[in-house]
Every structure is written in C-alpha cells, then in structure tokens.
Amino acid sequence: MHGGRPRRPSLLKALFALSGVLLAMFGWLASCDGLAAAETSPAAMISDFRLQHGEGRVTLDATLNRIAQQQASAMAEKDTLDHDVLGSFRSRIAPARAGRAAENIAYGYDRFDKTLGQWISSIEHRNNLLLPKASRVGIANATSASSHRVYWAMVIAGDYEARPPTAGKGTRVVGTTEPASAPSCRLKILGLCW
C-alpha cells in the first residue's frame with residue numbers, strides 16, 4: 001500500500017480472476033445441461049414429442065421392454081430389419097394385454113435420439129409414436145455381430161382398461177405387416193393398416 005490507498009493493479013487482478021472463475025462456472029453449468037440432455041431417457045424423449053403434439057406421456061414398461069429387446073436381438077442376430085423376424089406383432093404383443101399397440105423398428109444409429117429423429121421424419125413411424133391413448137413404451141437395441149449395425153425396436157401401447165386383444169375381434173394394431181381385422185383396416189400401405 002502506498003499512502004493508505006489500495007493499489008489499482010491488485011484490484012484489477014482480483015476482478016480478472018473473479019471473472020475467470022465465473023466464466024468457468026458458467027461453462028461447467030452449460031456442460032452439465034448438455035450432459036443432462038444427452039442422458040435424457042428414450043421414454044422422456046418420446047413423451048416430450050407426444051406432449052408437443054397433444055398426446056399424453058408414456059412410461060417404461062417391463063413387458064414392452066422385453067418384447068422390444070427380443071425383437072431387436074432377433075433382428076441383430078439375423079442382420080435383417082423385419083417386423084416378423086420372431087413372428088407376427090399381434091402374437092408377440094399379446095402378453096402386454098393392451099387394447100392397442102404399435103411397433104417401430106430401425107437400424108443404423110447408435111444413439112436413440114438419432115433413431116427417434118428418423119422415426120419422426122417418417123409419417124408411419126410418427127403416427128405410431130403418436131398412438132392415441134398410449135401410456136406405456138418399451139425400447140431396446142442390439143448390435144449385429146457380423147455387420148455391427150445397431151438395430152432398434154420400440155413398442156408403444158395403451159388402452160389397458162380395455163379387454164385383452166384377441167385376433168379378429170376389431171382390436172386396432174398399428175405398425176405391423178399383419179393385416180388387422182376388416183372393420184379397423186380401411187387402407188393398407190406398405191403393410192401398415194389404416
């Protein structure tokens with residue numbers, strides 16, 4: 001100190017140091033937000049998309065996760081993208097006891113957010129994501145040992161208060177290659193019933 005006054009260079013150094021600390025803190029907080037976005041669960045991503053389009057949230061369901069995992073693993077094992085690799089969707093979804101259900105499959109991306117973007121860009125897959133009254137979802141992936149492709153399967157379902165689905169009784173099943181019963185299938189495009 002000179003003459004009882006604080007030296008200005010020390011004050012400036014302290015302010016620069018403080019601003020550096022604040023910038024580092026803001027950078028750390030921004031990276032935490034990035035991590036949180038990267039760690040958002042697939043069910044939360046699907047729910048966010050559904051909420052933006054007037055549909056309700058979905059939660060992960062153990063039965064649907066198992067069905068999706070079996071489908072993804074079978075596609076990876078056979079290295080083929082096929083809804084019927086393990087049999088018809090209608091027979092595979094029966095244990096879920098849902099009144100309505102749909103399935104999306106894909107391969108290529110190793111992250112779910114990119115796969116979801118691919119589904120959103122496809123009208124049929126988008127409609128499945130927005131299945132009315134859906135409340136539960138199952139999501140899984142598996143990697144092919146031969147091609148190293150990542151195969152994805154998503155099963156979404158709802159109407160659990162309705163009676164269990166039975167073949168040919170007007171149950172609406174969307175996103176399958178199996179035709180639905182005559183009353184609920186007015187148009188069939190690429191194996192999808194509308």
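Atoms considered below: every heavy atom in the structure, side chains included; atoms not considered: hydrogens, waters and symmetry mates. Small disclaimer: the values here were computed from a predicted structure and weren't measured.
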>> Between V155 and V137, does the side-chain contact (heavy atoms from CB on, under 4.5 Å) criterion hold? Intermediate values first, please.
In response: CA-CA 6 Å; V155 181; V137 69; over 6 Å; no
> Passes side-chain contact (heavy atoms from CB on, under 4.5 Å), F49 versus L130? Steps please.
Replying inline: CA-CA 8 Å; F49 176 73; L130 296 173; 3.6 Å; yes
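Atoms CZ and OG, on R100 and S135 in that order, are 11.0 Å from each other to the nearest 0.5 Å. Separation of atoms CG (L60) and CD1 (I139) is listed at 5.5 Å; rounding is to 0.5 Å. Rounding to the nearest 0.5 angstrom, the gap separating the CD1 atom in I67 from the CG atom in D61 is 8.0 Å. Atom CD of E77 sits about 9.0 Å away from atom CG of L86, to the nearest 0.5 Å. Residue N104 holds its CG atom at 4.5 Å from NE2 of H125, rounded to the nearest 0.5 Å.
Annotation: side chain of E103 is not in contact with side chain of M154 (no heavy-atom distance under 4.5 Å). Two residues are said to be in side-chain contact when any heavy atoms from C-beta on lie closer than 4.5 Å; R149 and D79 meet this criterion. Residues Y151 and L81 form a side-chain contact, since some pair of their non-hydrogen atoms from C-beta on lies under 4.5 Å apart. Contact of the I105 side chain with the M75 side chain is registered, since non-hydrogen atoms from C-beta on lie closer than 4.5 Å. Side-chain contact check for I156 versus L129: every heavy-atom pair is 4.5 Å or farther apart. With contacts defined as side-chain heavy-atom distances shorter than 4.5 Å, the pair N127/L131 does not qualify. By the 4.5 Å heavy-atom criterion applied to side chains, R66 and P95 are counted as neighbours. Inter-residue side-chain proximity for Q71 and F89 is flagged as unmet; no heavy-atom pair is nearer than 4.5 Å.
A cation-pi arrangement is absent between R97 and Y160, since the terminal nitrogen or guanidinium carbon is not both under 6.0 Å from the aromatic centre and inside a 45° cone about the axis.
Proximity of a side-chain donor or acceptor of Q69 to a complementary backbone N or O of N141 within less than 3.5 Å is detected. Counting only distance, with no hydrogens or angles, the side chain of R57 and the backbone of S47 share no donor-acceptor pair below 3.5 Å. The closest donor-acceptor contact from the side chain of S91 to the backbone of S88 lies under 3.5 Å.
In terms of heavy-atom proximity, L64 sits nearest to A96 at CD2-CB, 3.7 Å. Heavy atoms only, all atoms of each residue included: A106 and Q118 are closest at CB-OE1, 3.8 Å. The shortest non-hydrogen separation linking N65 to A140 is O-CB, 4.4 Å. In terms of heavy-atom proximity, W152 sits nearest to Y109 at NE1-O, 2.7 Å. When all heavy atoms of A72 and A153 are compared, the pair lying nearest together is N-CB, 4.0 Å. The shortest non-hydrogen separation linking A74 to V85 is CB-CG1, 3.7 Å.
Crowding of F112 atom CZ: a count of heavy atoms from other residues, nucleotides or ligands under 6.0 Å exceeding 12.
Side-chain polar atoms of Q70 and R92 form no donor-acceptor pair below 3.5 angstrom.
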